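Structure first, commentary second.
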Amino acid sequence: MMKATAVANANIALVKYWGKRDKKLILPQNSNISMTCDGMTTTTTVEFSDKYKEHSVVINDEEFQKDEKDIHGHIDRISRLAGIKDKARVVSESNFPVAAGLASSASGFAALTVAAAAAAGLKLSPKDLSILTRQGSGSACRSIFGGFVEWHRGKMPDGLDSYAESIVDKNYWPEFRMIATIVQKGKKPVTSRAGMAQTVETCPYYEGWLGTVTDDLKMIKEGIKERDFKKVAQAAEHNCLKMHALMMTTKPAIIYWIPATIEIIQNVLAWREEGVKCYFTIDAGPNVKILCLEKDEKEINKRLLKLEGVIETMICRPGDGAKLIDKHLF
Ligand code: 2P0
């Protein structure tokens with residue numbers, strides 16, 4: 001088989017990945033934890049053939065423009081591993097706004113890796129797929145798995161012990177929700193890759209981050225296993241604010257928040273005072289993800305949609321890991 005199609009969901013981190021210990025192999029400074037999000041899906045078809053002279057990559061109907069994420073290099077990495085010389089045609093579609101800072105590269109690289117490995121004839125375990133995916137984009141290695149996932153930092157210089165692993169599958173805690181709240185579409189001012197490199201180099205508080213992240217990991221892993229919403233959500237919110245404190249105190253400062261970001265933060269805090277059980281997390285952009293449980297989802301979503309700065313929301317439950325499907329895009 002030289003053609004294969006995979007689907008993968010985006011993921012949102014509860015303990016963030018923000019800094020590399022090895023830029024080439026994409027090895028993180030700290031272990032991190034995410035939830036794979038049902039319904040935020042990328043579908044990718046890859047075909048290797050001698051009829052293609054060069055790799056071609058079409059994402060959401062547009063020819064891929066080269067950026068810091070080296071998709072062509074990632075395809076080469078996979079074909080080298082399989083020992084094939086043919087070039088690839090790649091067509092990829094996401095069902096959510098790709099430029100909205102919603103982890104599109106995670107679902108994208110996970111789907112690409114699973115499809116390309118299968119099309120190249122490689123038979124890899126989920127762990128090995130995760131290691132391979134990681135070399136394309138770090139957070140994507142978590143999207144190989146469903147439910148709640150930990151990406152291990154690892155210690156080895158070759159990165160063979162830095163892979164993602166399931167904590168619990170999507171059926172363990174089906175009531176958990178992330179409401180992705182869009183306040184701005186379009187590209188962010190500083191990419192994650194550049195932003196995290198600058199943070200490791202210039203932020204005076206980075207040691208403080210590394211020194212406290214172990215507590216966050218422990219709390220969140222325990223909370224997931226105990227299905228203790230407050231334990232997970234409170235620690236996730238704290239971890240997110242620590243990451244943004246790092247970003248803000250690099251040189252030059254990286255401030256991803258816009259007024260609507262603060263509007264949501266202030267409201268979430270006020271709603272919590274009222275007894276509504278909701279917390280927030282924010283990634284490398286202005287959009288906010290609200291953590292809540294199914295029973296409060298409707299009320300919180302209604303409140304979010306009334307805020308001036310909110311464009312739209314997407315409600316996600318724990319979703320599946322990446323998998324092959326039969327229906328090709330071409
Ligand atoms: C995360 N982010 O844990 C963190 C939180 C953004 C903020 O992982 O350079 O696109 O390709 O490994 O994975 C975004 O970084 O960066 C990210 P690369 P990636 O979700």
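Ligands are counted one by one from 1 in listed order, and the atoms in each one are counted from 1 as well. Just so we're clear, the structure is a prediction, and the values are computed from it rather than from any experiment.
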Report summary line: the protein heavy atom lying closest to atom 1 (C) of ligand 1 turns out to be Arg142 NH2, 3.4 Å

Requested in this report: Quick one: look up the protein heavy atom nearest atom 13 (O) of ligand 1 and list residue, atom name and how far away it is.
Outcome: Ser139 OG, 2.7 Å

Query raised in the report: Looking at the rings of Trp151 and Tyr17, which for Trp means the six-membered one, are their centres under 6.0 Å apart?
Result: yes

Query raised in the report: Which ligand 1 atoms, with their elements, are less than 4.0 angstrom from a heavy-atom of Gly138?
Result: 11 (O), 12 (O), 13 (O), 18 (P)

Requested in this report: Please check if the side chain of Arg227 supplies one atom and the backbone of Tyr172 the other of a donor-acceptor pair under 3.5 Å.
Outcome: yes

Query raised in the report: Below 4.0 Å from any atom of ligand 1, is there a heavy atom belonging to Arg134?
Result: no

Report summary line: Taking only non-hydrogen atoms of Ala13 and a 4.0 Å limit, the atoms of ligand 1 in range are 1 (C), 3 (O), 20 (O)

**Report entry** For Lys20, atoms of ligand 1 separated by under 4.0 Å from a heavy atom
**Finding:** 9 (O), 12 (O), 18 (P)

Requested in this report: Quick one: look up the protein heavy atom nearest atom 10 (O) of ligand 1 and list residue, atom name and how far away it is.
Outcome: Lys69 NZ, 2.6 Å

Report task. From the options Thr281, Asn239, Asn32, Asn30, select the one residue that forms a side-chain hydrogen bond (donor to acceptor under 3.5 Å, both in side chains) with Lys16. Result -> Thr281

Query raised in the report: Quick one: do the Glu165 and His152 side chains pair a donor with an acceptor below 3.5 Å?
Result: yes

Query raised in the report: Is Arg193 close to ligand 1, meaning an N/O of one under 3.5 Å from an N/O of the other?
Result: yes

Report task. Under 4.0 Å from a heavy atom of Met196: give me the atoms of ligand 1 that qualify, with their elements. Result -> 15 (O), 16 (O)

Query - Which residue and heavy atom of the protein sit nearest atom 17 (C) of ligand 1, plus the separation - result: Tyr17 CD2, 4.0 Å

**Report entry** Whether over 12 other heavy atoms sit under 6.0 Å from Glu273 CD
**Finding:** no

Report summary line: ligand 1 to Ser137, heavy atom cutoff 4.0 Å, flagged ligand atoms 10 (O), 11 (O), 12 (O), 13 (O), 18 (P), 19 (P)

Requested in this report: Considering the heavy atoms of Lys16, write down every atom of ligand 1 situated less than 4.0 Å from one of them.
Outcome: 3 (O), 5 (C)

Query raised in the report: Got Val58 and Phe64 here, is their nearest side-chain heavy-atom distance under 4.5 Å?
Result: no

Query raised in the report: Closest non-hydrogen protein atom to atom 5 (C) of ligand 1, residue and atom name please, with distance?
Result: Asp283 OD1, 3.4 Å

Requested in this report: Could you check Arg272, Lys231, Lys242 and say which one makes a salt bridge (charged side-chain N to carboxylate O under 4.0 Å, His left out) with Glu237?
Outcome: Arg272

Query raised in the report: When the ring planes of His244 and Tyr256 are compared, do they come out parallel, tilted or perpendicular, using 30° and 60° as the limits?
Result: perpendicular

Query raised in the report: Which atoms from ligand 1 have a heavy atom of Ser105 less than 4.0 Å away?
Result: 10 (O)

Query - Ile26 touching ligand 1 at heavy-atom level, < 4.0 angstrom - result: yes

Query raised in the report: Is any NZ, NE, NH1 or NH2 atom of the basic residue among Glu175 and Lys295 found under 4.0 Å from an Asp or Glu carboxylate oxygen of the other?
Result: no

Query raised in the report: For ligand 1, which atoms, with element, lie under 4.0 Å from some heavy atom of Ser192?
Result: 6 (C), 14 (C), 15 (O)

Query raised in the report: Do Arg317's NZ or CZ and the ring of Phe176 fall within the cation-pi criteria of under 6.0 Å and 45°?
Result: no

